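Worksheet: one structure, shown below.
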Amino acid sequence: MTEDPGPGGPAATRSETTRRRLLDAALVAFAERGFHGTTTRDIAGAAGMSPAAVYVHYRSKEELLFALSRAGHEATIGVLDAADDPDASPADRLDAVMRAFAQWHADGHTSARIVNYELEALEPDHHSEILVLRREITRRVRAIVDAGIANGGFDVDDPHTTTNSLLSMGIDIARWYSKSGPLSPEQIGDFYAMLALRVVGAPPRT
């Protein structure tokens with residue numbers, strides 16, 4: 001017996017596949033040319049489609065950027081939640097979360113570079129929606145910093161700036177990381193976990 005394709009059937013599946021192709025093509029084009037240097041024709045060509053066909057699925061290249069940005073930020077929240085164990089000590093939590101955050105930005109450096117450094121190209125409503133997701137990311141890390149301060153494990157005078165610094169140094173990996181470099185994403189994760197503990201004045205993990 002064949003599997004029920006669900007609402008919309010095969011047509012819906014084809015539409016989803018086409019949308020995924022367009023997103024992948026937009027990612028490559030934005031990475032190569034930047035958002036402002038990319039045209040809808042560039043994206044359509046990379047996807048093997050006509051420019052007119054793009055508008056069947058996305059109203060503009062900005063809407064493609066928004067879809068990429070939303071998916072990237074939602075995935076980042078998922079990565080943090082999967083790494084964090086609220087029952088662990090704040091130091092162990094920060095170690096695990098920053099390791100996962102750094103490795104995520106190294107593994108997906110192309111996507112991360114676009115979703116973090118092309119924010120100003122988003123329309124106001126889309127920009128506001130992404131800022132909500134970014135605040136959620138900040139809130140999760142800030143909660144760990146605050147917990148470490150509360151139990152005396154972290155030596156932090158300014159939790160707000162410390163949290164922003166931890167996130168900024170992880171995000172910046174996407175700007176410079178290369179797979180041809182000397183460190184793997186796993187090694188980057190280990191290094192940034194150690195660095196994060198130093199930033200908050202906690203002893204390194206043994």
Side-chain angles (χ1 to χ4, degrees), residues 27-28 30-32 34 65 68-120 122 127 129-206:
L27 179 65
V28 172
F30 293 155
E32 291 178 350
L65 176 64
L68 288 168
S69 188
R70 182 175 56 192
H73 284 86
E74 288 174 345
T76 300
I77 291 172
V79 166
L80 297 184
D81 287 348
D84 190 20
D85 177 4
D87 294 327
S89 71
D92 284 341
R93 292 175 68 192
L94 187 64
D95 177 273
V97 164
M98 287 306 298
R99 175 178 283 103
F101 189 69
Q103 185 173 334
W104 171 251
H105 282 80
D107 271 325
H109 58 278
T110 300
S111 174
R113 187 170 67 251
I114 292 165
V115 303
N116 284 293
Y117 293 104
E118 297 282 10
L119 285 174
E120 297 308 314
L122 293 172
H127 189 269
E129 186 171 332
I130 297 304
L131 288 184
V132 170
L133 295 174
R134 291 175 75 86
R135 291 189 193 104
E136 275 300 300
I137 293 169
T138 301
R139 185 184 66 80
R140 282 160 167 75
V141 177
R142 174 65 184 270
I144 298 172
V145 172
D146 287 344
I149 295 171
N151 80 352
F154 294 171
D155 182 14
V156 171
D157 294 325
D158 184 346
H160 173 76
T161 303
T162 297
T163 300
N164 286 342
S165 297
L166 291 170
L167 290 169
S168 294
M169 71 183 191
I171 289 169
D172 198 52
I173 293 168
R175 184 181 58 79
W176 58 261
Y177 183 76
S178 171
K179 290 182 178 180
S180 63
L183 297 178
S184 68
E186 292 77 13
Q187 289 171 315
I188 289 288
D190 290 343
F191 178 82
Y192 274 74
M194 175 190 67
L195 191 60
L197 292 176
R198 289 184 177 180
V199 168
V200 299
R205 302 295 86 196
T206 56

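Model, not experiment: these values are computed from the prediction.
- The side-chain contact (heavy atoms from CB on, under 4.5 Å) with S69 is formed by just one residue from the set N116, I114, I130; it is I130.
- For the pair I171 and R134, the minimum side-chain heavy-atom distance is below 4.5 Å.
- The distance from atom CZ of R175 to atom CZ of R113, rounded to the nearest 0.5 Å, is 10.5 Å.
- Side-chain contact between D92 and D85 is absent, with no heavy-atom pair separated by less than 4.5 Å.
- Atom NE2 of H127 has more than 12 heavy atoms from other residues, nucleotides or ligands within 6.0 Å.
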Query - Steps toward side chain to side chain contact (heavy atoms under 4.5 Å, CB included) verdict (F30, E118) - result: CA-CA 9 Å; F30 293 155; E118 297 282 10; 5.5 Å; no
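- Scanning both residues, L119 and V115, for their nearest heavy atoms gives CD2-O, 3.4 Å.
- L94 places a side-chain heavy atom less than 4.5 Å from the side chain of F154.
- Evaluation of the ring-ring contact (aromatic ring centres under 6.0 Å, His included) rule for H73 yields no partner, not counting sequence neighbours.
- In terms of heavy atoms, A75 sits closest to W104 at CB-CZ2, 3.5 Å.
- Heavy-atom minimum distance, Q187 versus P182: OE1-O, 3.8 Å.
- Note: S178 OG to L183 CG = 11.0 Å, rounded to the nearest 0.5 Å.
- For the pair I173/H109, no side-chain contact is recorded, criterion being any heavy-atom separation below 4.5 Å from C-beta on.
- Applying the side-chain hydrogen bond (donor to acceptor under 3.5 Å, both in side chains) test between R140 and each of T76, D81, D84 identifies D81 as the sole match.
- With rounding to the nearest 0.5 angstrom, the CG atom of L166 is 9.5 Å from the CD1 atom of I144.
- Shown here for E136 and I77, the closest heavy-atom pair between the two residues is CB-CD1, 3.8 Å.
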Only distances under 3.5 Å count here; give the side-chain donor-acceptor pairs of residues 188-196 to other protein atoms, sequence neighbours excluded, each with its distance to 0.1 Å.
from : atom 1 : to  : atom 2 : distance (Å)
D190 : OD1    : R99 : NE     : 2.8

Requested in this report: Could you walk me through whether V79 and F101 pass side chain to side chain contact (heavy atoms under 4.5 Å, CB included), step by step?
Outcome: CA-CA 7 Å; V79 166; F101 189 69; 5.9 Å; no
Query raised in the report: Could you go step by step and tell me if Y177 and D172 meet the side chain to side chain donor-acceptor pair (under 3.5 Å) rule?
Result: CA-CA 9 Å; Y177 183 76; D172 198 52; over 6 Å; no
Requested in this report: Apply the test side chain to side chain contact (heavy atoms under 4.5 Å, CB included) to residues T161 and N164: give CA-CA distance (whole Å), side-chain angles for both, the deciding distance (0.1 Å), then the verdict.
Outcome: CA-CA 5 Å; T161 303; N164 286 342; 5.6 Å; no
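- Taking all atoms of both residues into account, the shortest heavy-atom contact from A31 to T110 is CB-CG2, 3.6 Å.
- Residues A147 and R93 share a closest heavy-atom pair of CB-NH1, 4.3 Å.
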